[in-house]
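What follows is a single structure, written as structure tokens, with notes after it.
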There are 4 protein chains.
Amino acid sequence: MTHDVKAQVTDEALVQRRRAQIVAAAVELFSHQGFYRTTMQDVAKKAGVSAGLIYQYVTDKEDVLLLVLLSVLDSYKQEIPAAISGLTDPLERFWAAISAYCRVVDQRREATVLAYRSTKSLPDDRRELIKRSEIETNGMIAACLKDCIKAGLMREVNVELVTYQLVTFAHSWALKHWRLKELCDLDQYVAEGFDFFAQALLTPKGRRHQAKIQGAADNAP
Amino acid sequence: MTHDVKAQVTDEALVQRRRAQIVAAAVELFSHQGFYRTTMQDVAKKAGVSAGLIYQYVTDKEDVLLLVLLSVLDSYKQEIPAAISGLTDPLERFWAAISAYCRVVDQRREATVLAYRSTKSLPDDRRELIKRSEIETNGMIAACLKDCIKAGLMREVNVELVTYQLVTFAHSWALKHWRLKELCDLDQYVAEGFDFFAQALLTPKGRRHQAKIQGAADNAP
Amino acid sequence: MTHDVKAQVTDEALVQRRRAQIVAAAVELFSHQGFYRTTMQDVAKKAGVSAGLIYQYVTDKEDVLLLVLLSVLDSYKQEIPAAISGLTDPLERFWAAISAYCRVVDQRREATVLAYRSTKSLPDDRRELIKRSEIETNGMIAACLKDCIKAGLMREVNVELVTYQLVTFAHSWALKHWRLKELCDLDQYVAEGFDFFAQALLTPKGRRHQAKIQGAADNAP
Amino acid sequence: MTHDVKAQVTDEALVQRRRAQIVAAAVELFSHQGFYRTTMQDVAKKAGVSAGLIYQYVTDKEDVLLLVLLSVLDSYKQEIPAAISGLTDPLERFWAAISAYCRVVDQRREATVLAYRSTKSLPDDRRELIKRSEIETNGMIAACLKDCIKAGLMREVNVELVTYQLVTFAHSWALKHWRLKELCDLDQYVAEGFDFFAQALLTPKGRRHQAKIQGAADNAP
DNA sequence: CATGAATGAGCATTCATTCAT
DNA sequence: AATGAATGAATGCTCATTCAT
């Protein structure tokens with residue numbers, strides 16, 4: 001976890017704990033009311049600390065936002081590797097990654113929307129941190145995609161562009177949730193996405209392999 | 001297009017002109033600095049009017065935002081029908097619509113990003129206006145998609161979900177422009193998108209039809 | 001009617017008419033919403049003229065207030081003499097004057113309250129005008145009082161102080177109307193006042209005279 | 001006395017002190033310049049605090065006005081009972097109450113005028129508070145009056161109406177001070193009032209009793 | 001380490017007044 | 001004479017940040 005945000009407190013464990021407290025409060029408030037409508041007093045109250053305390057763990061209100069956004073991106077960076085860790089089959093890994101992504105987005109739906117709303121509110125240097133982190137996460141998806149292509153299971157598409165399609169598909173569940181939730185639930189959304197991307201990406205060989213996986217999965221309990 | 005935002009000035013033509021002036025200034029400022037960091041004085045100065053003047057054409061700062069967002073959505077609602085108006089072939093209409101959408105997004109890239117950032121800053125009732133307008137625009141894309149399906153050129157997919165994929169694809173050009181612009185230009189982006197969606201959606205019959213269109217287009221000057 | 005308020009318009013009849021229009025609108029608005037809460041645009045609208053027009057008949061917003069307050073005091077100066085004009089008996093004139101005062105206050109209740117609220121909002125020189133006018137009105141009451149004393153009908157009291165008691169009694173009907181209206185109606189209020197002041201002021205001779213008048217009045221239709 | 005105005009600061013003693021500071025500054029400014037002409041910056045500067053500070057002890061500018069008006073009414077509610085506390089004779093209590101009322105009005109002359117000017121500037125609910133408080137104060141005067149009547153010392157008059165006469169008499173010292181101060185000083189004003197109300201209210205028995213009291217007082221050092 | 005009272009710059013909004021038409 | 005659009009100074013209120021305790 002890399003934030004070069006400097007704290008004035010030395011006890012590292014305490015810093016961790018306090019920041020977690022602050023971020024937890026801020027995520028909720030920023031998500032619901034937006035960054036600008038949330039006051040530091042709001043954050044302090046919800047975090048159960050005094051307003052002054054926050055400034056011992058953070059330099060700025062913008063720093064709080066940075067911490068919040070990094071915490072969202074961190075969930076991605078933890079959940080996706082976890083979801084594919086046991087798997088070896090490229091196609092299985094691919095679908096598992098997408099599925100994990102969608103599920104994290106669903107769990108942190110409001111924070112995801114927040115990221116779209118508020119990243120621009122950060123000063124340039126801190127925004128760079130976020131972008132770098134996003135590229136990193138995309139890298140994990142891209143890697144899965146590449147493996148599928150290398151294995152001849154998917155077409156030779158522009159990897160980074162398609163990665164954006166996949167990532168955007170996941171994000172949309174949060175961004176357009178106000179409408180999508182009336183059309184389907186998360187599982188259906190993911191299923192429709194699988195179908196769509198399968199059509200778009202799989203080679204004939206990929207299709208056969210897919211059928212095999214599917215069959216195996218269907219026969220499972 | 002009609003915004004029920006009420007002006008205190010009676011001369012309708014003047015209202016149109018002044019609002020256009022204000023919106024033009026606001027789009028630029030909101031896009032660059034964000035809604036909250038932009039002061040009404042900023043808007044007034046950039047629009048070349050006094051601060052007080054604005055309040056004769058708008059009730060609120062939020063009203064300015066509403067006007068700005070509606071102006072973006074209005075571009076969609078004008079450009080897309082214009083792009084497909086002469087065409088009769090369902091597939092041609094479909095690609096033309098997508099292409100037009102991408103091009104409007106490109107022209108109003110910053111305003112599109114602004115829409116994602118700031119719609120939540122509106123009070124509920126005004127946000128509804130925006131949502132309704134978005135659904136309307138989506139309807140135009142969905143109609144093209146349905147026609148292709150009805151003609152047997154595309155698979156029987158969930159129309160609204162796929163519409164969101166298409167729309168999101170266009171929006172992404174603005175939202176992720178910071179990265180995408182390093183990977184390709186707009187034409188390439190659109191071309192890649194066509195390829196991807198063609199794969200995902202076309203039936204065998206659709207593919208043959210597509211080839212024919214494509215051939216014709218290739219032989220053109 | 002003496003306001004040295006200067007108009008920019010020469011046609012004297014028009015000036016009268018316009019000012020009456022403006023004052024009528026202002027009395028109502030100032031009375032209900034107060035001077036500061038009423039905008040010149042409000043006054044213009046209610047008067048059915050444009051905002052700019054007002055400034056051709058008045059130099060200031062404060063000027064409008066002055067005109068309004070003078071109009072109230074003018075009603076006093078007209079109604080009271082009218083009420084006592086036919087009468088010769090000092091006691092009858094006295095009661096008639098008080099009664100008339102109360103009735104004018106009742107008719108212009110809100111304007112009377114306005115005078116108490118807003119006279120201090122005037123710049124010193126214009127406030128002097130008002131004070132002078134008030135003293136003038138008081139003079140009419142004081143004269144009636146003096147006549148009664150001179151005729152031996154009332155005690156040798158401090159005339160000006162008692163005049164203030166009388167005037168204040170009339171004003172209170174407006175100032176405390178929110179409470180008094182629940183205790184009695186105007187006629188009862190006046191009757192109670194007569195009784196009270198009679199006790200306080202009449203000499204034995206005055207009392208006998210009063211009984212005679214009363215008796216005559218009671219036997220009247 | 002309790003104003004349900006809520007402070008954001010918890011230390012109750014501090015709240016008391018700060019509010020007193022603010023009210024003291026506001027009374028002076030509001031009295032001289034009026035409520036609307038006084039800015040919160042004015043109040044802050046005169047109170048020797050920052051503008052923001054005030055809003056931790058008050059919700060509104062109107063709240064400051066409410067606090068100011070309540071502080072005036074509170075003086076009445078404290079001074080009058082104090083003035084009559086040692087006395088048992090109904091007539092002595094009555095005159096002591098009136099005298100105390102006049103003296104409080106004299107001490108807080110400008111604030112009294114302010115009350116007449118500005119009560120209407122309060123929103124309805126807060127104005128109700130003021131009215132209730134006024135009725136309470138009147139109740140103290142009315143009680144003295146009733147006791148005199150019950151003891152056969154005064155006539156059977158309409159208690160509440162006469163109470164208003166008495167209260168108004170006290171208030172007039174402030175409201176018409178610009179003129180009255182040229183006619184007499186406070187003691188003379190009170191003495192003239194006593195004479196007037198004695199004539200108006202005392203029964204023969206009351207008159208004898210009054211003479212006795214008076215005699216005793218005259219023989220006192 | 002923690003508190004929370006205090007600061008004061010910053011901003012949306014209003015409105016008396018002007019002036020071109 | 002009359003209009004009403006335009007002005008811009010003025011003001012109530014907020015809130016990130018500090019600092020004495």
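Proteins get letters first, then strands, A, B, ... in listed order; numbering begins at 1 in each. These numbers come from a predicted model, not from an experiment. Heavy-atom basis, side chains included; hydrogens, waters and symmetry copies ignored.
- In terms of position along DNA chain F, the nucleotide closest to Arg18(C) lies nearer the 5' end than the nucleotide closest to the other residue of the pair Ile54(B) and Arg18(C).
- One finds a side-chain N or O of Tyr57(B) lying less than 4.0 angstrom from the OP1 or OP2 phosphate oxygen of dA6(F).
- Residues Thr38(B) and Lys46(B) have side chains not in contact (no heavy-atom distance under 4.5 Å, counting atoms from C-beta outward).
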Readout for nucleotides 16-21 of chain F: B = base within 4.0 Å of protein heavy atom, S = sugar-phosphate only, - = neither; 5' to 3' it is BBB---
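- Of the options Arg19(C), Arg17(C), Arg18(C), a side chain to side chain donor-acceptor pair (under 3.5 Å) to Gln21(C) is made by Arg18(C) and by none of the others.
- Atom CZ of Arg126(D) and atom CG of Leu69(D) lie 11.5 Å apart (nearest 0.5 Å).
- Side-chain N/O atoms of Ser50(A) include none lying less than 4.0 angstrom from OP1 or OP2 on dG4(E).
- For the pair Val9(D) and Arg37(C), nearest-nucleotide mapping onto DNA chain E gives the more 5' position to Val9(D).
- Close to dC1(E), at under 4.0 Å from its OP1 or OP2, lies a side-chain N or O of Thr10(A).
- Side chain to side chain, Asp74(B) and Ser71(B) fail the donor-acceptor criterion of an N or O pair below 3.5 Å.
- Counting only heavy atoms from C-beta outward, the side chains of Asp42(A) and Arg37(A) never approach each other to under 4.5 Å.
- A straight line from NZ of Lys45(D) to C1' of dT11(F) spans 14 Å, rounded to a whole angstrom.
- Between Phe35(A) and Phe30(A), the ring planes are perpendicular. Angles over 60° get that label, and only those under 30° would be called parallel.
- In this structure, CD1 of Ile22(B) is placed 9 Å from P of dA6(F), rounded to the nearest angstrom.
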When Watson-Crick pairs (N1 to N3 and N6-O4 or O6-N4) and G-U wobble pairs (N1-O2 and O6-N3) count only below 3.5 Å on both distances, what is the dot-bracket string of DNA chain F, with | for other-strand pairs? .||||||||||||||||||||
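- Remark: Ser31(D) pairs with Val27(D), Glu110(D), Leu114(D) by the side-chain contact (heavy atoms from CB on, under 4.5 Å) rule, at least two apart or across chains.
- Annotation: side chain of Val49(B) is not in contact with side chain of Gln56(B) (no heavy-atom distance under 4.5 Å).
- For Glu12(B) and dG4(F), the CD to P distance is 16 Å, given to the nearest whole Å.
- Between Thr59(B) and Asp63(B), the side chains place a donor N or O and an acceptor N or O closer than 3.5 Å (distance only, hydrogens not considered).
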